[in-house]
2 protein chains.
Amino acid sequence: MSDTSKAKQKGKRLSSTQRRAEFISKAIEFFSEEGFESSTRSLARHLGVTQPLLYRYFPSKDDLIKEVYQTVYLNRWQDDWDELLCNRAIPLRQRLQAFYEAYTDAIFTREWMRIFLFSGLKGVEINRWYVGLVNERILGRILTEFRVENGQLETTEPTPEELELAWVMHGGIFYYGIRKHIYESPVLADKSRMISDALDVFLSGIGTTISARKPDTTA
Amino acid sequence: MSDTSKAKQKGKRLSSTQRRAEFISKAIEFFSEEGFESSTRSLARHLGVTQPLLYRYFPSKDDLIKEVYQTVYLNRWQDDWDELLCNRAIPLRQRLQAFYEAYTDAIFTREWMRIFLFSGLKGVEINRWYVGLVNERILGRILTEFRVENGQLETTEPTPEELELAWVMHGGIFYYGIRKHIYESPVLADKSRMISDALDVFLSGIGTTISARKPDTTA
DNA sequence: TACACTATTTATCAAATGATAAATAGTGAG
DNA sequence: CTCACTATTTATCATTTGATAAATAGTGTA
(Lines give C-alpha, C1' and ligand atoms only; values in the text may rest on other atoms or scores of the structure.)
Protein backbone atom coordinates (compact mmCIF):
# COMPACT_ATOMS: atom_id res chain seq x y z
CA MET A 1 0.00 0.00 0.00
CA SER A 2 2.95 2.32 0.57
CA ASP A 3 4.48 4.46 -2.11
CA THR A 4 7.33 2.11 -2.79
CA SER A 5 5.22 -1.03 -2.99
CA LYS A 6 2.83 0.63 -5.42
CA ALA A 7 5.73 1.79 -7.54
CA LYS A 8 7.05 -1.75 -7.53
CA GLN A 9 3.75 -3.22 -8.59
CA LYS A 10 3.69 -1.12 -11.74
CA GLY A 11 7.37 -1.84 -12.15
CA LYS A 12 8.17 1.68 -13.16
CA ARG A 13 11.18 3.88 -12.56
CA LEU A 14 12.59 3.76 -9.09
CA SER A 15 15.38 6.11 -8.13
CA SER A 16 18.83 4.81 -8.85
CA THR A 17 19.83 4.32 -5.24
CA GLN A 18 16.54 2.71 -4.25
CA ARG A 19 16.70 0.31 -7.15
CA ARG A 20 20.24 -0.65 -6.38
CA ALA A 21 19.43 -1.38 -2.77
CA GLU A 22 16.39 -3.40 -3.80
CA PHE A 23 18.45 -5.39 -6.29
CA ILE A 24 21.01 -6.34 -3.68
CA SER A 25 18.43 -7.26 -1.09
CA LYS A 26 16.44 -9.42 -3.49
CA ALA A 27 19.61 -10.90 -4.94
CA ILE A 28 20.39 -12.13 -1.43
CA GLU A 29 16.98 -13.78 -1.24
CA PHE A 30 17.40 -15.27 -4.66
CA PHE A 31 20.99 -16.50 -4.56
CA SER A 32 20.60 -17.89 -1.06
CA GLU A 33 17.86 -20.15 -2.40
CA GLU A 34 19.13 -21.00 -5.86
CA GLY A 35 22.87 -20.74 -5.42
CA PHE A 36 25.24 -18.37 -7.17
CA GLU A 37 25.28 -20.41 -10.36
CA SER A 38 21.69 -19.44 -11.08
CA SER A 39 21.13 -17.24 -14.09
CA THR A 40 20.79 -13.47 -14.17
CA ARG A 41 17.60 -13.89 -16.17
CA SER A 42 16.08 -15.95 -13.42
CA LEU A 43 17.17 -13.34 -10.92
CA ALA A 44 15.66 -10.57 -13.04
CA ARG A 45 12.36 -12.45 -13.15
CA HIS A 46 12.47 -12.65 -9.37
CA LEU A 47 13.04 -8.90 -9.30
CA GLY A 48 10.27 -8.14 -11.74
CA VAL A 49 12.55 -6.35 -14.17
CA THR A 50 14.33 -7.24 -17.39
CA GLN A 51 17.72 -8.84 -17.28
CA PRO A 52 19.77 -6.09 -18.97
CA LEU A 53 18.68 -3.66 -16.30
CA LEU A 54 20.94 -5.48 -13.85
CA TYR A 55 23.90 -4.41 -15.93
CA ARG A 56 23.05 -0.75 -15.51
CA TYR A 57 23.67 -1.21 -11.77
CA PHE A 58 26.43 -3.81 -11.68
CA PRO A 59 29.18 -4.20 -14.29
CA SER A 60 28.97 -8.00 -14.15
CA LYS A 61 27.27 -10.85 -12.36
CA ASP A 62 30.41 -11.33 -10.30
CA ASP A 63 30.33 -7.74 -9.10
CA LEU A 64 26.75 -8.18 -8.00
CA ILE A 65 27.71 -11.33 -6.12
CA LYS A 66 30.51 -9.48 -4.38
CA GLU A 67 28.03 -6.84 -3.24
CA VAL A 68 25.84 -9.63 -1.92
CA TYR A 69 28.75 -10.98 0.10
CA GLN A 70 29.56 -7.55 1.47
CA THR A 71 26.01 -6.94 2.57
CA VAL A 72 25.57 -10.36 4.11
CA TYR A 73 28.90 -10.64 5.89
CA LEU A 74 29.60 -7.07 6.91
CA ASN A 75 27.70 -5.05 9.46
CA ARG A 76 26.38 -8.27 10.88
CA TRP A 77 28.60 -7.99 13.89
CA GLN A 78 27.10 -5.73 16.56
CA ASP A 79 29.75 -3.52 18.07
CA ASP A 80 28.48 -3.96 21.60
CA TRP A 81 29.19 -7.68 21.40
CA ASP A 82 32.84 -6.92 21.93
CA GLU A 83 32.13 -5.11 25.15
CA LEU A 84 29.63 -7.74 26.20
CA LEU A 85 32.17 -10.54 25.91
CA CYS A 86 34.78 -8.63 27.85
CA ASN A 87 32.65 -7.00 30.52
CA ARG A 88 34.19 -8.42 33.67
CA ALA A 89 31.51 -6.92 35.88
CA ILE A 90 29.29 -9.79 34.73
CA PRO A 91 30.05 -13.48 35.35
CA LEU A 92 31.48 -15.13 32.24
CA ARG A 93 28.72 -17.69 32.12
CA GLN A 94 26.11 -14.94 31.83
CA ARG A 95 28.11 -13.05 29.25
CA LEU A 96 28.40 -16.12 27.06
CA GLN A 97 24.72 -16.90 27.30
CA ALA A 98 23.79 -13.35 26.31
CA PHE A 99 26.34 -13.26 23.54
CA TYR A 100 25.39 -16.55 21.93
CA GLU A 101 21.70 -15.76 22.09
CA ALA A 102 22.27 -12.45 20.34
CA TYR A 103 24.79 -13.89 17.90
CA THR A 104 22.59 -16.78 16.85
CA ASP A 105 19.62 -14.44 16.58
CA ALA A 106 21.67 -12.56 14.02
CA ILE A 107 23.02 -15.42 11.93
CA PHE A 108 20.49 -18.23 12.28
CA THR A 109 18.44 -17.24 9.27
CA ARG A 110 17.97 -19.33 6.17
CA GLU A 111 19.49 -16.60 4.02
CA TRP A 112 22.62 -16.08 6.06
CA MET A 113 23.35 -19.72 6.70
CA ARG A 114 22.94 -20.70 3.07
CA ILE A 115 25.00 -17.84 1.69
CA PHE A 116 27.66 -18.59 4.26
CA LEU A 117 27.90 -22.22 3.14
CA PHE A 118 27.66 -21.45 -0.57
CA SER A 119 30.50 -18.98 -0.27
CA GLY A 120 32.44 -21.34 1.96
CA LEU A 121 32.28 -24.05 -0.67
CA LYS A 122 33.52 -21.56 -3.25
CA GLY A 123 36.41 -20.73 -0.96
CA VAL A 124 35.96 -17.00 -1.35
CA GLU A 125 38.20 -14.70 0.61
CA ILE A 126 35.50 -13.11 2.70
CA ASN A 127 34.56 -16.50 4.11
CA ARG A 128 38.10 -17.19 5.26
CA TRP A 129 38.20 -13.75 6.76
CA TYR A 130 35.04 -14.47 8.71
CA VAL A 131 36.41 -17.70 10.14
CA GLY A 132 39.41 -15.73 11.36
CA LEU A 133 37.06 -13.25 12.97
CA VAL A 134 35.27 -15.99 14.88
CA ASN A 135 38.61 -17.37 15.97
CA GLU A 136 39.97 -14.14 17.37
CA ARG A 137 36.96 -12.07 18.25
CA ILE A 138 34.95 -14.84 19.87
CA LEU A 139 36.89 -17.94 20.80
CA GLY A 140 40.20 -16.37 21.67
CA ARG A 141 38.44 -13.90 23.91
CA ILE A 142 36.35 -16.54 25.62
CA LEU A 143 39.47 -18.46 26.56
CA THR A 144 41.20 -15.35 27.84
CA GLU A 145 38.18 -14.35 29.86
CA PHE A 146 38.00 -17.84 31.28
CA ARG A 147 41.57 -17.57 32.48
CA VAL A 148 40.97 -14.23 34.04
CA GLU A 149 37.88 -15.40 35.86
CA ASN A 150 39.80 -18.38 37.20
CA GLY A 151 42.69 -16.31 38.44
CA GLN A 152 45.14 -17.49 35.82
CA LEU A 153 47.64 -15.37 33.94
CA GLU A 154 45.81 -13.29 31.36
CA THR A 155 48.86 -13.10 29.18
CA THR A 156 49.22 -16.86 28.79
CA GLU A 157 48.22 -17.80 25.27
CA PRO A 158 45.43 -20.36 24.97
CA THR A 159 46.80 -23.79 24.10
CA PRO A 160 45.82 -25.30 20.74
CA GLU A 161 43.84 -27.92 22.65
CA GLU A 162 41.82 -25.29 24.46
CA LEU A 163 41.16 -23.41 21.26
CA GLU A 164 40.05 -26.64 19.64
CA LEU A 165 37.63 -27.39 22.44
CA ALA A 166 36.22 -23.89 22.10
CA TRP A 167 35.78 -24.53 18.38
CA VAL A 168 33.97 -27.77 19.11
CA MET A 169 31.60 -25.92 21.40
CA HIS A 170 31.09 -23.13 18.90
CA GLY A 171 30.72 -25.59 16.06
CA GLY A 172 28.17 -27.56 18.00
CA ILE A 173 26.05 -24.47 18.43
CA PHE A 174 26.60 -23.44 14.82
CA TYR A 175 25.60 -26.87 13.63
CA TYR A 176 22.21 -26.33 15.23
CA GLY A 177 21.74 -23.58 12.65
CA ILE A 178 22.89 -25.84 9.84
CA ARG A 179 20.52 -28.58 10.89
CA LYS A 180 17.63 -26.16 11.13
CA HIS A 181 18.19 -24.05 8.04
CA ILE A 182 20.19 -26.22 5.66
CA TYR A 183 19.02 -29.74 6.43
CA GLU A 184 15.63 -28.43 7.50
CA SER A 185 15.70 -31.04 10.16
CA PRO A 186 13.74 -30.71 13.42
CA VAL A 187 15.76 -29.18 16.25
CA LEU A 188 15.04 -28.46 19.88
CA ALA A 189 12.60 -25.55 19.76
CA ASP A 190 14.16 -23.86 22.76
CA LYS A 191 17.32 -22.34 21.32
CA SER A 192 18.23 -20.67 24.62
CA ARG A 193 18.14 -24.03 26.34
CA MET A 194 20.39 -25.55 23.68
CA ILE A 195 22.88 -22.72 24.16
CA SER A 196 22.67 -22.99 27.91
CA ASP A 197 23.41 -26.71 27.90
CA ALA A 198 26.21 -26.34 25.38
CA LEU A 199 27.82 -23.66 27.52
CA ASP A 200 27.43 -25.58 30.77
CA VAL A 201 29.06 -28.59 29.25
CA PHE A 202 31.83 -26.54 27.70
CA LEU A 203 32.64 -24.51 30.79
CA SER A 204 32.72 -27.50 33.09
CA GLY A 205 34.83 -29.34 30.54
CA ILE A 206 37.36 -26.63 29.82
CA GLY A 207 38.10 -26.47 33.53
CA THR A 208 38.47 -30.16 34.24
CA THR A 209 39.20 -32.00 31.02
CA ILE A 210 41.87 -29.74 29.66
CA SER A 211 43.61 -28.69 32.84
CA ALA A 212 43.65 -32.23 34.10
CA ARG A 213 45.22 -33.66 30.99
CA LYS A 214 47.64 -30.91 30.20
CA PRO A 215 48.37 -28.83 33.24
CA ASP A 216 50.57 -25.97 32.09
CA THR A 217 52.56 -25.65 35.25
CA THR A 218 55.70 -25.04 33.26
CA ALA A 219 56.03 -21.43 34.45
CA MET B 1 52.62 -48.33 -14.96
CA SER B 2 49.88 -50.89 -14.56
CA ASP B 3 47.75 -52.18 -17.38
CA THR B 4 44.86 -49.92 -16.57
CA SER B 5 46.94 -46.79 -16.26
CA LYS B 6 48.59 -47.41 -19.58
CA ALA B 7 45.25 -47.99 -21.20
CA LYS B 8 44.08 -44.72 -19.70
CA GLN B 9 47.08 -42.85 -21.02
CA LYS B 10 46.30 -43.79 -24.59
CA GLY B 11 42.66 -43.19 -23.85
CA LYS B 12 41.50 -46.17 -25.78
CA ARG B 13 38.61 -48.55 -25.26
CA LEU B 14 38.07 -49.67 -21.74
CA SER B 15 35.51 -52.33 -21.00
CA SER B 16 32.05 -51.04 -20.40
CA THR B 17 31.96 -51.83 -16.70
CA GLN B 18 35.46 -50.49 -16.05
CA ARG B 19 34.67 -47.27 -17.83
CA ARG B 20 31.47 -46.81 -15.95
CA ALA B 21 33.18 -47.29 -12.60
CA GLU B 22 35.94 -44.90 -13.61
CA PHE B 23 33.42 -42.27 -14.69
CA ILE B 24 31.61 -42.36 -11.38
CA SER B 25 34.79 -42.28 -9.35
CA LYS B 26 36.22 -39.34 -11.29
CA ALA B 27 32.87 -37.60 -11.34
CA ILE B 28 33.02 -37.66 -7.55
CA GLU B 29 36.44 -36.01 -7.67
CA PHE B 30 35.26 -33.49 -10.17
CA PHE B 31 31.86 -32.51 -8.78
CA SER B 32 33.17 -32.36 -5.24
CA GLU B 33 35.58 -29.67 -6.37
CA GLU B 34 33.55 -27.76 -8.92
CA GLY B 35 30.02 -28.32 -7.70
CA PHE B 36 27.20 -30.06 -9.48
CA GLU B 37 26.47 -27.07 -11.71
CA SER B 38 29.72 -27.59 -13.57
CA SER B 39 29.43 -28.63 -17.19
CA THR B 40 29.57 -32.13 -18.60
CA ARG B 41 32.20 -30.92 -21.06
CA SER B 42 34.43 -29.83 -18.24
CA LEU B 43 33.88 -33.18 -16.57
CA ALA B 44 34.70 -35.01 -19.80
CA ARG B 45 37.94 -33.05 -20.06
CA HIS B 46 38.76 -34.15 -16.52
CA LEU B 47 38.07 -37.72 -17.58
CA GLY B 48 40.15 -37.49 -20.74
CA VAL B 49 37.25 -38.48 -22.99
CA THR B 50 34.80 -36.63 -25.17
CA GLN B 51 31.59 -35.30 -23.74
CA PRO B 52 29.07 -37.41 -25.69
CA LEU B 53 30.67 -40.56 -24.33
CA LEU B 54 29.17 -39.75 -20.96
CA TYR B 55 25.74 -40.20 -22.48
CA ARG B 56 26.52 -43.73 -23.52
CA TYR B 57 26.87 -44.59 -19.82
CA PHE B 58 24.33 -42.31 -18.20
CA PRO B 59 21.04 -41.18 -19.75
CA SER B 60 21.42 -37.66 -18.40
CA LYS B 61 23.61 -35.50 -16.22
CA ASP B 62 21.11 -35.87 -13.43
CA ASP B 63 21.34 -39.63 -13.56
CA LEU B 64 25.09 -39.44 -13.29
CA ILE B 65 24.75 -37.15 -10.29
CA LYS B 66 22.40 -39.60 -8.64
CA GLU B 67 24.97 -42.35 -9.09
CA VAL B 68 27.52 -40.07 -7.48
CA TYR B 69 25.25 -39.61 -4.48
CA GLN B 70 24.67 -43.34 -4.18
CA THR B 71 28.36 -44.12 -4.26
CA VAL B 72 29.30 -41.40 -1.82
CA TYR B 73 26.53 -41.88 0.70
CA LEU B 74 25.98 -45.62 0.60
CA ASN B 75 28.39 -48.28 1.74
CA ARG B 76 30.14 -45.67 3.79
CA TRP B 77 28.73 -47.06 6.98
CA GLN B 78 30.75 -50.00 8.26
CA ASP B 79 28.49 -52.71 9.56
CA ASP B 80 30.62 -53.43 12.60
CA TRP B 81 30.05 -49.90 13.84
CA ASP B 82 26.60 -50.97 14.97
CA GLU B 83 28.03 -53.72 17.12
CA LEU B 84 30.81 -51.49 18.33
CA LEU B 85 28.40 -48.86 19.63
CA CYS B 86 26.26 -51.45 21.41
CA ASN B 87 28.93 -53.78 22.75
CA ARG B 88 28.30 -53.58 26.47
CA ALA B 89 31.38 -55.59 27.29
CA ILE B 90 33.37 -52.43 26.67
CA PRO B 91 32.93 -49.21 28.67
CA LEU B 92 30.84 -46.66 26.76
CA ARG B 93 33.60 -44.07 26.82
CA GLN B 94 35.94 -46.45 24.98
CA ARG B 95 33.27 -47.45 22.50
CA LEU B 96 32.56 -43.83 21.63
CA GLN B 97 36.22 -43.02 21.18
CA ALA B 98 36.72 -45.97 18.87
CA PHE B 99 33.55 -45.24 16.95
CA TYR B 100 34.21 -41.56 16.36
CA GLU B 101 37.79 -42.20 15.32
CA ALA B 102 36.66 -44.73 12.76
CA TYR B 103 33.67 -42.68 11.67
CA THR B 104 35.66 -39.51 11.13
CA ASP B 105 38.37 -41.49 9.38
CA ALA B 106 35.67 -42.49 6.92
CA ILE B 107 33.95 -39.14 6.31
CA PHE B 108 36.61 -36.50 6.94
CA THR B 109 37.80 -36.34 3.38
CA ARG B 110 37.58 -33.32 1.16
CA GLU B 111 35.43 -35.22 -1.32
CA TRP B 112 32.90 -36.55 1.12
CA MET B 113 32.51 -33.37 3.11
CA ARG B 114 32.04 -31.21 0.04
CA ILE B 115 29.57 -33.52 -1.66
CA PHE B 116 27.67 -33.80 1.59
CA LEU B 117 27.33 -30.04 1.86
CA PHE B 118 26.61 -29.49 -1.83
CA SER B 119 23.83 -32.04 -1.69
CA GLY B 120 22.61 -30.65 1.62
CA LEU B 121 22.21 -27.21 0.08
CA LYS B 122 20.28 -28.73 -2.79
CA GLY B 123 18.00 -30.42 -0.26
CA VAL B 124 18.19 -33.78 -1.98
CA GLU B 125 16.42 -36.69 -0.41
CA ILE B 126 19.49 -38.78 0.30
CA ASN B 127 20.90 -36.02 2.47
CA ARG B 128 17.79 -35.89 4.61
CA TRP B 129 17.91 -39.66 4.86
CA TYR B 130 21.48 -39.49 6.09
CA VAL B 131 20.66 -37.00 8.80
CA GLY B 132 17.98 -39.39 10.01
CA LEU B 133 20.54 -42.16 10.04
CA VAL B 134 22.87 -40.15 12.25
CA ASN B 135 19.98 -39.37 14.53
CA GLU B 136 18.88 -42.94 15.07
CA ARG B 137 21.92 -45.04 14.42
CA ILE B 138 24.40 -42.91 16.32
CA LEU B 139 22.89 -40.38 18.68
CA GLY B 140 19.82 -42.31 19.79
CA ARG B 141 21.98 -45.31 20.52
CA ILE B 142 24.53 -43.31 22.44
CA LEU B 143 21.85 -41.97 24.72
CA THR B 144 20.36 -45.40 25.25
CA GLU B 145 23.74 -46.89 26.02
CA PHE B 146 24.43 -44.08 28.43
CA ARG B 147 21.26 -44.87 30.31
CA VAL B 148 22.10 -48.53 30.45
CA GLU B 149 25.59 -47.90 31.73
CA ASN B 150 24.22 -45.64 34.42
CA GLY B 151 21.63 -48.15 35.57
CA GLN B 152 18.66 -46.27 34.23
CA LEU B 153 15.68 -47.72 32.41
CA GLU B 154 16.70 -48.73 28.93
CA THR B 155 13.20 -48.29 27.66
CA THR B 156 12.91 -44.66 28.66
CA GLU B 157 13.03 -42.53 25.52
CA PRO B 158 15.76 -39.90 25.41
CA THR B 159 14.37 -36.44 26.12
CA PRO B 160 14.55 -33.85 23.33
CA GLU B 161 17.05 -31.94 25.45
CA GLU B 162 19.33 -34.94 25.71
CA LEU B 163 19.10 -35.59 22.00
CA GLU B 164 19.91 -31.96 21.32
CA LEU B 165 22.96 -32.09 23.52
CA ALA B 166 24.10 -35.20 21.70
CA TRP B 167 23.63 -33.34 18.42
CA VAL B 168 25.69 -30.44 19.71
CA MET B 169 28.48 -32.87 20.58
CA HIS B 170 28.24 -34.62 17.24
CA GLY B 171 27.97 -31.31 15.41
CA GLY B 172 31.03 -30.00 17.19
CA ILE B 173 33.05 -32.97 16.01
CA PHE B 174 31.57 -32.74 12.53
CA TYR B 175 32.39 -29.07 12.37
CA TYR B 176 36.04 -29.97 12.79
CA GLY B 177 35.71 -31.65 9.39
CA ILE B 178 33.99 -28.65 7.89
CA ARG B 179 36.67 -26.33 9.17
CA LYS B 180 39.42 -28.54 7.85
CA HIS B 181 38.01 -29.52 4.48
CA ILE B 182 35.57 -26.76 3.54
CA TYR B 183 37.06 -23.65 5.12
CA GLU B 184 40.56 -25.10 4.83
CA SER B 185 41.27 -23.53 8.12
CA PRO B 186 43.96 -24.85 10.48
CA VAL B 187 42.65 -27.34 13.03
CA LEU B 188 44.23 -29.22 15.90
CA ALA B 189 46.43 -31.79 14.22
CA ASP B 190 45.62 -34.47 16.78
CA LYS B 191 42.14 -35.55 15.74
CA SER B 192 42.01 -38.28 18.40
CA ARG B 193 42.66 -35.71 21.06
CA MET B 194 39.90 -33.48 19.73
CA ILE B 195 37.48 -36.41 19.84
CA SER B 196 38.64 -37.41 23.28
CA ASP B 197 38.08 -33.94 24.71
CA ALA B 198 34.73 -33.56 22.99
CA LEU B 199 33.59 -36.88 24.43
CA ASP B 200 34.86 -36.16 27.93
CA VAL B 201 33.04 -32.88 27.97
CA PHE B 202 29.88 -34.41 26.58
CA LEU B 203 29.77 -37.40 28.91
CA SER B 204 30.40 -35.37 32.02
CA GLY B 205 27.82 -32.86 30.85
CA ILE B 206 25.06 -35.28 29.93
CA GLY B 207 25.26 -36.70 33.42
CA THR B 208 25.26 -33.48 35.39
CA THR B 209 23.82 -30.70 33.27
CA ILE B 210 20.80 -32.51 31.96
CA SER B 211 19.89 -34.65 34.92
CA ALA B 212 20.32 -31.73 37.27
CA ARG B 213 18.05 -29.42 35.30
CA LYS B 214 15.42 -31.90 34.25
CA PRO B 215 15.43 -34.93 36.50
CA ASP B 216 12.94 -37.38 35.03
CA THR B 217 11.82 -38.87 38.32
CA THR B 218 8.26 -38.92 37.12
CA ALA B 219 8.07 -42.68 37.06
C1' DT C 1 4.11 22.73 -22.64
C1' DA C 2 8.51 21.43 -24.17
C1' DC C 3 12.97 19.62 -23.32
C1' DA C 4 16.69 17.20 -21.33
C1' DC C 5 17.84 13.38 -18.50
C1' DT C 6 17.88 8.74 -17.32
C1' DA C 7 15.45 4.47 -15.87
C1' DT C 8 13.82 0.70 -18.36
C1' DT C 9 12.89 -2.34 -22.25
C1' DT C 10 13.63 -4.57 -26.80
C1' DA C 11 16.67 -6.74 -29.83
C1' DT C 12 20.69 -9.06 -30.34
C1' DC C 13 25.37 -11.46 -29.93
C1' DA C 14 28.80 -14.91 -29.03
C1' DA C 15 29.84 -18.51 -26.08
C1' DA C 16 28.54 -22.39 -23.35
C1' DT C 17 25.27 -25.90 -22.24
C1' DG C 18 22.76 -30.68 -22.24
C1' DA C 19 21.79 -33.85 -25.52
C1' DT C 20 21.47 -36.72 -30.08
C1' DA C 21 22.81 -38.99 -34.53
C1' DA C 22 26.04 -40.45 -37.49
C1' DA C 23 30.81 -41.69 -38.50
C1' DT C 24 35.12 -44.01 -36.96
C1' DA C 25 38.24 -47.10 -34.93
C1' DG C 26 39.71 -50.89 -31.48
C1' DT C 27 38.86 -55.69 -30.30
C1' DG C 28 37.67 -60.40 -29.94
C1' DA C 29 35.56 -64.67 -32.23
C1' DG C 30 35.57 -67.62 -36.12
C1' DC D 1 42.66 -62.46 -41.81
C1' DT D 2 37.99 -61.11 -41.72
C1' DC D 3 33.90 -59.63 -39.91
C1' DA D 4 30.70 -58.30 -36.53
C1' DC D 5 30.38 -55.70 -32.36
C1' DT D 6 30.79 -51.80 -29.66
C1' DA D 7 33.61 -48.16 -27.45
C1' DT D 8 34.72 -43.71 -28.85
C1' DT D 9 34.79 -39.49 -31.59
C1' DT D 10 33.05 -35.94 -34.82
C1' DA D 11 29.45 -33.01 -36.12
C1' DT D 12 25.50 -30.84 -34.86
C1' DC D 13 21.10 -28.92 -32.55
C1' DA D 14 18.22 -26.16 -29.69
C1' DT D 15 18.53 -23.61 -25.33
C1' DT D 16 20.48 -20.99 -22.10
C1' DT D 17 23.89 -17.93 -20.60
C1' DG D 18 26.44 -13.31 -19.58
C1' DA D 19 26.69 -9.20 -21.76
C1' DT D 20 26.02 -4.94 -25.08
C1' DA D 21 23.74 -1.40 -28.03
C1' DA D 22 20.01 0.88 -29.44
C1' DA D 23 15.21 2.19 -28.78
C1' DT D 24 11.54 3.71 -25.58
C1' DA D 25 9.20 5.85 -21.93
C1' DG D 26 8.83 8.26 -17.19
C1' DT D 27 10.15 12.42 -14.67
C1' DG D 28 11.64 16.74 -13.12
C1' DT D 29 12.62 21.54 -14.67
C1' DA D 30 12.34 25.80 -17.23
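Each chain gets a letter, A, B and so on, in the order its sequence line appears, and its residues count up from 1. What you see below is based on every heavy atom in this structure, not just the backbone, and it leaves out hydrogens, waters and symmetry mates.
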d(CD, B/Glu37; P, C/dA16) in whole Å: 18 Å

Protein-nucleotide distance (A/Asp63, atom CG; D/dG18, atom P), rounded to Å: 14 Å

Gap between atoms CD and P, on B/Glu34 and C/dA16 respectively (whole Å): 16 Å

Is there any protein nitrogen or oxygen under 3.5 Å from a nitrogen or oxygen in nucleotides 10-12 of chain D, and what are the pairs?
none

A/Arg93 side chain to A/Ser196 backbone, donor-acceptor under 3.5 Å: yes

side-chain hydrogen bond (donor to acceptor under 3.5 Å, both in side chains) partners for A/Glu154, two or more places apart: A/Arg88

Whole-Å distance separating the CG atom of A/Leu43 from the P atom of D/dT16: 17 Å

Separation of C/dT8 P from A/Glu22 CD (nearest whole Å): 9 Å

Sugar-phosphate, base or nothing in reach of B/Ser42, heavy atoms under 4.0 Å: nothing

Members of residues 53-60 of chain B that approach DNA chain D, where some heavy atom sits under 4.0 Å away: B/Leu53, B/Arg56, B/Tyr57

Distance, rounded to the nearest Å, where A/Arg20 contributes CZ and C/dA7 contributes P: 12 Å

Contact summary for A/Tyr176 and A/Phe108, nearest pair of heavy atoms: CD2-CE2, 3.5 Å

More than 12 heavy atoms of other groups within 6.0 Å of B/Arg56 CZ: no

Nearest-Å distance for atom pair CD/C1', residues A/Gln18 and D/dT27: 14 Å

Closest non-hydrogen atom pair, A/Thr109 against A/Ala106: CG2-O, 4.1 Å

Under 4.0 angstrom between B/Ser39 side-chain N/O and C/dA16 OP1 or OP2: no

Closest heavy-atom pair and its distance - A/Arg128, A/Gly123: NH2-CA, 3.6 Å

B/Asp80, CG: over 12 other non-hydrogen atoms inside 6.0 angstrom: yes

Basic-acidic side-chain contact under 4.0 Å: A/Arg19, A/Glu22: yes

Gap between atoms NZ and P, on B/Lys61 and C/dA16 respectively (whole Å): 15 Å

Centroid-centroid distance, A/Tyr130 to A/Tyr69, less than 6.0 Å: no

